[in-house]
Number of protein chains: 2
Amino acid sequence: MAAPLEIASSSPRARQALEHAERLCQERGVRLTVLRRRVLEIIWSHARPLGAYAILDVLRDDGRAGAPPTVYRALDFLLEQGLIHRLASLNVFTGCCQPDRRHGGQFLICRDCGQVDELNNTQVECLLNDEADARGFEVLTQMIEVLGRCPNCWQGVTHRAG
Amino acid sequence: MAAPLEIASSSPRARQALEHAERLCQERGVRLTVLRRRVLEIIWSHARPLGAYAILDVLRDDGRAGAPPTVYRALDFLLEQGLIHRLASLNVFTGCCQPDRRHGGQFLICRDCGQVDELNNTQVECLLNDEADARGFEVLTQMIEVLGRCPNCWQGVTHRAG
DNA sequence: GGAGAAATGTTATCCTATTGCTTCTTTAAA
DNA sequence: TTTAAAGAAGCAATAGGATAACATTTCTCC
Ligand SMILES: [Zn+2]
Ligand SMILES: [Zn+2]
Ligand SMILES: [Zn+2]
Ligand SMILES: [Zn+2]
């Protein structure tokens with residue numbers, strides 16, 4: 001798989017996501033510490049989702065001392081605050097596009113390039129909630145991961161093949 | 001979490017699932033070897049999904065020599081044949097209720113007791129496929145995991161609390 | 001029977017995640 | 001302003017999940 005691309009930290013989407021996070025944390029009275037903020041920045045600064053150890057490597061490049069718990073605790077915080085999602089099928093973490101609204105996350109994940117697209121289909125969410133209700137099941141969180149190939153990747157194959 | 005309950009290997013659902021698997025593999029011209037069959041049996045013989053190492057422990061109790069690759073290879077085969085699913089959020093494996101029809105799997109997973117209920121909501125499946133189509137994304141497989149509490153578990157809490 | 005393919009055995013290692021405990025920092029009360 | 005308590009981060013060790021690489025066995029087909 002291709003290595004995750006680094007994006008300028010000051011990219012519009014990263015800056016916007018960080019400002020949004022600052023605001024949310026202030027509203028909620030929770031602390032977006034330097035470390036937590038930096039981990040969020042690292043996640044948003046890459047085109048593809050990163051694993052915990054990849055994030056740790058970046059932290060070490062920063063010069064910061066670090067062991068796995070350092071990054072996992074920051075990730076736990078960001079997950080609790082709904083600022084990031086964990087993609088269980090890949091053991092990676094990706095920034096949430098709608099951190100205001102609590103949700104489990106719906107993702108299109110490209111098997112070939114690792115790129116991720118977050119959906120927000122409330123109809124799907126409701127249908128699943130209905131299914132759960134019908135069985136007396138109390139829903140805490142939904143996670144939907146659709147694995148496949150993004151346009152770039154399958155078009156590349158098509159061109160080569162035909 | 002509660003330990004996974006062992007169920008008699010000859011329980012109706014286990015026996016039925018194994019017969020179904022035998023038939024499918026024969027039709028498909030693939031080999032359901034003794035090991036693969038036994039792993040499938042172990043999975044169906046437990047009330048809750050098992051992790052790979054838990055399955056390995058059972059194999060060892062059988063007296064069979066075994067290392068992780070032993071069980072992972074069998075699991076890979078069963079996954080390829082759609083006879084089991086992997087629940088990525090828990091790193092466990094569970095038997096598929098509809099191995100004829102290829103599908104990623106939709107699950108209600110109880111956070112407290114680990115019990116799993118497989119859904120087969122085609123409307124959800126279609127909606128997600130539509131979302132993917134609209135983005136030019138080629139779907140290979142969908143995985144849906146709804147985490148929450150089963151009736152038994154939240155009713156227990158309700159009784160205790162109120 | 002013999003060649004090639006498929007499956008399994010075996011060992012070592014990698015990747016992911018957590019536990020337990022210590023130290024530092026922040027917060028708020030005295 | 002000191003000080004206690006809580007929260008966050010540092011640190012070392014370890015648990016848990018999965019794979020790589022290679023040897024050996026078993027099966028299939030000629
Ligand atoms: Zn989101
Ligand atoms: Zn792609
Ligand atoms: Zn199924
Ligand atoms: Zn339960």
Side-chain angles (χ1 to χ4, degrees), chain A residues 1 3-4 21 25-26 28-43 48-60 62-81 83-94 114 143 145, chain B residues 1 3-4 21 25-26 28-43 48-60 62-81 83-94 114 143 145:
Chain A
M1 180 184 300
C25 288
Q26 194 155 22
R28 295 173 184 169
V30 295
R31 293 167 51 195
L32 187 63
T33 62
V34 173
L35 174 64
R36 291 166 176 174
R37 191 183 190 286
R38 177 60 180 140
V39 169
L40 186 59
E41 184 182 29
I42 291 169
I43 289 172
R48 318 210 191 302
L50 296 181
Y53 282 71
I55 295 169
L56 184 55
D57 286 342
V58 178
L59 286 177
R60 283 172 172 157
D62 285 357
R64 176 187 290 270
T70 304
V71 64
Y72 277 105
R73 279 190 290 236
L75 290 170
D76 285 344
F77 171 86
L78 298 171
L79 286 169
E80 276 164 20
Q81 296 303 317
L83 296 168
I84 62 172
H85 295 284
R86 178 177 134 83
L87 304 185
S89 61
L90 300 177
N91 296 327
V92 295
F93 301 84
T94 190
M143 50 164 280
E145 300 183 17
Chain B
M1 182 184 299
C25 288
Q26 194 157 22
R28 294 173 185 169
V30 295
R31 293 167 52 197
L32 186 62
T33 62
V34 173
L35 174 64
R36 291 164 176 174
R37 191 183 190 286
R38 176 61 181 141
V39 169
L40 185 58
E41 184 183 30
I42 291 168
I43 289 171
R48 318 211 190 302
L50 296 180
Y53 281 71
I55 295 169
L56 184 54
D57 286 342
V58 179
L59 285 176
R60 283 173 173 157
D62 285 357
R64 175 186 290 273
T70 304
V71 63
Y72 277 106
R73 280 190 290 234
L75 290 169
D76 285 344
F77 170 85
L78 297 172
L79 286 169
E80 276 165 19
Q81 296 303 319
L83 296 169
I84 61 171
H85 295 285
R86 179 177 132 85
L87 304 185
S89 61
L90 300 178
N91 297 327
V92 294
F93 301 85
T94 191
M143 53 163 278
E145 300 184 17

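Residue numbers start from 1 in every chain, and the chains themselves are labelled A, B, ... in the order their sequence lines are given, proteins ahead of strands.
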Contact check, side chains of B/V30 and B/F77, non-hydrogen atoms, under 4.5 Å: yes
B/T33 side chain near C/dT8 phosphate (N/O to OP1/OP2, under 4.0 Å): yes
Distance-only donor-acceptor pairs under 3.5 Å for side chains of residues 85-94 of chain A, two or more places apart:
unit_1	atom_1	unit_2	atom_2	d
A/H85	ND1	A/G104	O	3.0
A/H85	NE2	A/H103	NE2	3.2
A/H85	NE2	A/E118	OE2	3.1
A/R86	NH2	A/N91	OD1	3.4
A/S89	OG	A/E145	OE1	2.4

Beyond-backbone contact of B/V39 with B/T70, side-chain heavy atoms, under 4.5 angstrom: no
DNA chain D contacts made by residues 66-75 of chain A, counting heavy atoms under 4.0 Å: A/P69, A/T70, A/R73
B/L56 CG to D/dT19 P, straight-line distance once rounded to whole Å: 14 Å
Nearest to side-chain heavy atoms of B/F93, which nucleotide of C/dT10, D/dA18, C/dG9: D/dA18
Integer-rounded Å distance: D/dT24 C1' and B/L35 CG: 16 Å
Polar side-chain atom of A/R36 near backbone of A/L78 as donor-acceptor pair, under 3.5 Å: no
Contact under 4.0 Å: B/N91 side-chain N or O vs D/dA18 OP1/OP2: yes
Derivation of the side-chain contact (heavy atoms from CB on, under 4.5 Å) call for B/L83 and B/I43: CA-CA 10 Å; B/L83 296 169; B/I43 289 171; over 6 Å; no
Value in whole Å for how far the C1' atom of D/dA9 lies from CZ of A/R38: 17 Å
Protein-nucleotide distance (A/R86, atom CZ; C/dT16, atom P), rounded to Å: 10 Å
Atom pair distance, as rounded to whole Å: CZ in B/R64 and P in D/dT26: 12 Å
5' precedence on DNA chain D between B/D76 and B/R31 (nearest-nucleotide basis): B/D76
Heavy-atom donor-acceptor pair, B/Y53 side-chain to D/dA15 base, under 3.5 Å: no
A/A52 or B/R36, whichever maps to the more 5' nucleotide of DNA chain C: B/R36
Side-chain donor or acceptor of A/R38 paired with backbone N/O of A/L59 under 3.5 Å: no
Close side-chain approach of B/V34 and B/R64, heavy atoms under 4.5 Å: yes
